[in-house]
Amino acid sequence: MSITVDQVMELAPVIPVLVIERVEDAAPIAEALVKGGLPALEVTMRTPVALEVMREMAQVKGAVVGAGTVLNPADLEKALKAGAQFIVSPGLTEPLGKAAIDAGVAFLPGTATAGDIMRGMDMGLSRFKFFPAETSGGLPALKALAAPLYTARFCPTGGITAESAPKWLAEPAVKCVGGSWVVPKGPVDVAKIEELARAAAGLRG
């Protein structure tokens, strides 16, 4: 069942950005996040086990698993075969953009400048990751970009915290944010993850 990029962005105010080193942690983390109200899970392709983690998480009821750190069409193909329902990239290239559009998959390409966003719009895209959010000028920069590029909507990611997320979410051009704070580094504490997820799920509204 395919899901649109808007549907992904509307599942919850926060998309957890997950760097998972051990396959056995995949299902417990996914279950805790879904239970806490964060069903969209971005598994970054930064670890050797990322594809296996996606496969495991895709078996968790209610989880909508996506692949992050997708850099090229080869990454895209691997992620889709592993069950990814949405794709997130740190930037936007023509080969990756075309491959994602041809695959018909929900796609959030990384953008940080007006040129990035305009190139995406030329390809028919209107939903973007704003990355790295804080070091690219933060909320003032996004507001400045969103004014002339008024049909674009964003998922800012990079340096966003539980404390700063509400300010970002209050901006009309922002549909959700990406954040890694929901799954702290170190041994997996499912009760803590669920608690942080519940707090993150309540940030909007």
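These numbers were taken from a predicted model, which means no experiment stands behind them.
The CZ atom of Phe86 sits 10.5 Å away from the CE atom of Met9 when rounded to the nearest 0.5 Å. From Leu125, atom CG reaches atom CD1 of Ile101 across 4.0 Å, with rounding to the nearest 0.5 Å. To the nearest 0.5 Å, the span separating CD on Glu21 from OG1 on Thr47 amounts to 5.5 Å. Between the CE atom of Met57 and the CD atom of Glu42 there is a distance of 11.5 Å, given to the nearest 0.5 Å. With rounding to the nearest 0.5 Å, the separation of CD1 in Ile117 from CZ in Phe154 is 3.5 Å.
Taking Ser126 as the reference, nothing meets the side chain to side chain donor-acceptor pair (under 3.5 Å) condition, with sequence neighbours excluded. By the salt bridge (charged side-chain N to carboxylate O under 4.0 Å, His left out) test, Glu52 is found to be paired with no residue, residues two or more places apart in sequence or in another chain being considered. Residues satisfying the salt bridge (charged side-chain N to carboxylate O under 4.0 Å, His left out) criterion with Glu94, sequence neighbours excluded, are Lys98.
Using a 4.5 Å heavy-atom cutoff, the side chains of Arg119 and Met123 are not in contact. Residues Leu92 and Asp116 are not in side-chain contact: their nearest non-hydrogen atoms beyond the backbone lie 4.5 Å or more apart. No side-chain heavy atom of Arg22 sits under 4.5 Å from any side-chain heavy atom of Val188. Looking at heavy atoms from C-beta onward, Leu108 lies out of side-chain contact with Phe131 at the 4.5 angstrom threshold. Taking the side chain as every heavy atom from C-beta outward, Leu196 and Pro184 approach each other to under 4.5 Å. When side chains are defined from C-beta on, Val65 does not count as touching Gln85, because their heavy atoms never get closer than 4.5 Å. The side-chain heavy atoms of Leu71 and Leu96, taken from C-beta on, include no pair separated by under 4.5 Å. Under the 4.5 Å side-chain criterion, counting only non-hydrogen atoms from C-beta, Val8 is in contact with Ile15.
Across all non-hydrogen atoms, the minimal contact from Lys129 to Ser89 is CE-O, 3.3 Å. The minimum heavy-atom distance linking Ile20 with Val49 is given by the pair O-CG2, 3.5 Å. For the pair Phe128 and Gly120, the tightest heavy-atom approach, listed with the atom from each and the gap, is CE2-CA, 3.8 Å. Listed here is the closest heavy atom pair of Pro39 and Ala12: CD-CB, 4.1 Å. Across every non-hydrogen atom of Gly138 and Phe130, the tightest pair is O-CE2, 3.8 Å. The shortest heavy-atom contact between Leu145 and Thr113 is CD2-C, 3.9 Å.
Transitive grouping of hydrophobic side chains (ILVMFWY, heavy atoms separated by less than 4.5 Å) brings Val105 and Met45 into a common cluster. A continuous path of hydrophobic side-chain contacts links Leu11 to Val5 [ILVMFWY only; heavy atoms under 4.5 Å]. Cluster annotation: Val19 is not connected to Val23 through the hydrophobic network of ILVMFWY side chains, with a link wherever side-chain heavy atoms come within less than 4.5 Å.
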**OP:** Could you walk me through whether Val17 and Thr44 pass the side-chain contact (heavy atoms from CB on, under 4.5 Å) test, one step at a time?
**Re:** CA-CA 7 Å; Val17 179; Thr44 62; 3.6 Å; yes

Original post:
Given Phe107 and Leu76, is the side-chain contact (heavy atoms from CB on, under 4.5 Å) satisfied, shown in steps?
Top reply: CA-CA 10 Å; Phe107 180 42; Leu76 173 76; over 6 Å; no

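Residue pairs meeting the salt bridge (charged side-chain N to carboxylate O under 4.0 Å, His left out) criterion with at least one member in residues 137-154, sequence neighbours excluded, do not occur.
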For residues 168-179, which side-chain donor-acceptor pairs fall under 3.5 Å, sequence neighbours excluded?
residue	atom	partner	partner atom	Å
Trp168	NE1	Glu134	OE2	3.3
Glu171	OE2	Ala173	N	3.2
Lys175	NZ	Asp6	OD1	3.2
Lys175	NZ	Glu10	OE2	2.6

Acceptor/donor pairs from residues 28-38 side chains to any protein atom, 3.5 angstrom cut, sequence neighbours excluded:
none

